[in-house]
Amino acid sequence: MELQKPRGTRDFLPEEMERRRHIENRLRQVATRWGYGEIKTPTFEHIELFTLKSGDGILGEIYNFKDKGDREIALRPELTAPVVRMYVEELQRSPKPLKFFYFDNCFRYERPQKGRFREFFQFGVEIIGSSRPESDAEIIALAAEMLKSAGVKGDLHIGHIGIVRTLLKDIQPEDQGKIMRFVDKKDDKGLEAFLDQINAPDDIRGKLFRLIGLRGENAMHEVQELVGEIEAFKQFKVLLDLLDVYDVEYQVDLGIARGLDYYTGMVFEIYCEGLGAQNQVCGGGSYRLAQLFGGEDTQSTGYAIGFDRIMEICESKPEVSKSIVVVSFEDTRKEAIIIARKLRMHIATYLDVMGRKFKDQIAYANTIGASHVVIVGKNELDAGKVALKDMSTGKQELLSVEEVVDHISLTPISH
RNA sequence: GCCUGGGUGGGGUAGCUGGUUAUCCUAUGGGACUGUGGAUCCUACGACUCGGGUUCGAAUCCCGACCCGGGCCCCA
């Protein structure tokens with residue numbers, strides 16, 4: 001094999017593309033019905049956009065290069081930063097909230113694995129201009145709705161960074177960030193060692209460990225005991241109430257931290273079975289990034305769905321669609337083209353381009369699984385008609401082109 | 001970056017205790033059948049991932065690279 005695709009990339013054949021489009025359209029439809037508008041940002045951006053957001057640590061996982069004008073360019077590794085950049089650059093004075101969705105490819109230089117590629121696809125949603133519990137709830141409910149529409153069942157875990165941060169308010173901000181990273185990794189030992197190192201008060205330390213271990217039903221009571229009626233707690237409670245109204249199933253999980261500093265409030269992740277180590281299909285939360293990119297401080301909430309991962313586990317298949325093969329003879333090829341043109345206004349229509357004989361054209365119709373064959377022969381044309389043959393029953397009748405269209409659109413597919 | 005399993009025509013495989021021309025199935029093109037499909041037969045096409053080593057001789061044994069799968073790290 002002389003040439004092959006770069007590592008971690010994929011070719012999608014028609015059958016696979018049909019499945020992908022089918023799911024993509026469902027997600028699109030949900031987003032549209034919830035009032036979100038589709039946007040598209042460039043495939044590449046200035047590299048600072050991503051280092052500003054995520055730190056220099058991500059450089060090792062980014063596809064970057066210098067262009068001919070000596071600019072440092074990066075293929076986007078995710079889409080939240082570009083969306084916020086777009087907002088700061090041209091939409092700061094637009095009516096709030098802004099509600100966007102996107103579906104695009106992203107690039108990361110990582111070791112490929114199940115559910116992990118170097119070029120992968122994200123379907124994401126952002127609300128810009130609000131991070132009230134109402135928008136947080138809408139975002140989570142929308143995420144749940146999207147996965148449902150794709151036929152994917154997942155476990156939704158919701159946490160709140162604001163609550164954990166309030167507990168740590170007497171600790172240096174940089175140290176807080178480090179603590180959150182240990183929490184995100186669920187690295188209790190590392191966290192303990194770090195708390196020793198910065199001489200964290202015993203009382204904070206004990207509360208922190210209890211807090212990040214909280215899960216499920218009684219978690220909220222214990223949170224209240226640990227931190228009291230603080231603002232973040234009240235907001236979180238409103239959010240959870242609203243989610244009940246949305247009829248969304250969730251689990252409180254204060255151990256979710258999502259590592260990065262710009263997450264400020266609610267954070268959530270959705271996990272699925274059957275994906276091996278890459279079991280997270282969706283992640284998001286409320287954040288503040290606009291200021292970092294030179295805009296006014298703005299609250300936002302959003303998430304991204306790992307499209308390739310849901311494709312891996314979703315069962316849903318597009319319906320088999322009807323198709324026609326127009327079969328002709330040496331002396332009726334031109335008439336066949338004219339008839340095919342008419343049929344193509346209504347249904348997928350194939351025409352022989354291999355110079356095949358009559359019989360082989362029908363055999364071809366059979367191998368591609370066409371539901372019908374339209375026979376254009378001299379006998380039929382003399383009567384001003386064509387013959388429509390149903391490939392599954394083998395039955396054949398003489399019809400005009402218009403009748404063929406009617407006939408096919410009215411008949412369900414037989415198997 | 002680390003650990004681990006694996007790479008034989010387009011797909012699926014046999015061979016892999018080294019030894020003629022690498023097996024079989026399937027798919028694809030052409031033909032036998034000149035206006036009716038799935039069958040049959042003929043025919044064509046087509047592979048040992050790459051590089052090095054051991055050997056008289058390597059698909060087979062050894063080493064490295066590349067790629068794929070699984071796990072770790074990471075996961076914005």
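Numbers restart at 1 for each chain; the letters A, B, ... are given by sequence-line order, proteins then strands.
Salt bridge annotation for A/R10-A/D308: present, with a cationic side-chain nitrogen under 4.0 angstrom from a carboxylate oxygen. Ionic pairing of A/D253 and A/R215 is present here: one or more N-O contacts between side-chain nitrogen and carboxylate oxygen are shorter than 4.0 angstrom. With respect to the salt-bridge test (charged N to carboxylate O, under 4.0 angstrom), the residues A/R21 and A/E18 do not qualify. A/D196 and A/R205 are joined by a salt bridge, as a carboxylate oxygen and a charged side-chain nitrogen come within less than 4.0 angstrom of each other.
Within 4.0 Å (heavy atoms only), A/Q280 reaches no atom of the nucleic acid at all. Using a 4.0 Å heavy-atom distance criterion, A/Q113 is classed as a base contact. Among the heavy atoms of the strands, none lies under 4.0 Å from A/G369.
Residues meeting the ring-ring contact (aromatic ring centres under 6.0 Å, His included) test with A/F293, sequence neighbours left out: none. With sequence neighbours left out, the side-chain hydrogen bond (donor to acceptor under 3.5 Å, both in side chains) criterion links A/K40 to A/D104.
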Exercise for the section: Would you mind building the protein contact string for nucleotides 3-8 of chain B? One character per nucleotide, 5' to 3', B for base within reach (heavy atoms under 4.0 Å), S for sugar-phosphate only, - for untouched. Expected result: B-----

Handout entry: Per-nucleotide protein contact string for nucleotides 30-37 of chain B (B base, S sugar-phosphate only, - none; heavy atom under 4.0 Å)
Key = S-SB-BBB

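The shortest side-chain heavy-atom distance between A/D136 and A/L243 does not fall under the 4.5 Å cut-off.
Taking the six-membered ring for Trp and the full ring otherwise, the centers of A/H157 and A/Y271 sit less than 6.0 Å from each other.
Here the closest non-hydrogen pair linking A/A81 and A/K53 is CB-CD, 3.5 Å.
Less than 4.0 Å separates RNA chain B from no heavy atom of any residue of residues 122-131 of chain A. For the contact set between residues 291-313 of chain A and RNA chain B, defined by any heavy atom under 4.0 Å, there are no members.
One C1' atom belongs to B/G7, the other to B/A44, and the distance between them is 28 Å to the nearest Å. Distance check on atom P: B/U36 versus B/C48 gives 43 Å, rounded to whole Å. B/G52 and B/G10: their P atoms are spaced 23 Å apart (whole Å). Atom name P, nucleotides B/U49 and B/C41: the rounded distance is 31 Å, in whole Å.
Side-chain polar atoms of A/Y303 and A/Q122 form no donor-acceptor pair below 3.5 angstrom.
At least one cation-pi condition fails for A/R118 and A/Y63: the charged atom is not both under 6.0 angstrom from the six-membered ring centre and inside a 45 degree cone around its axis.
Checking B/U13 for Watson-Crick or G-U wobble geometry (two distances, each under 3.5 Å) identifies no partner in any strand.
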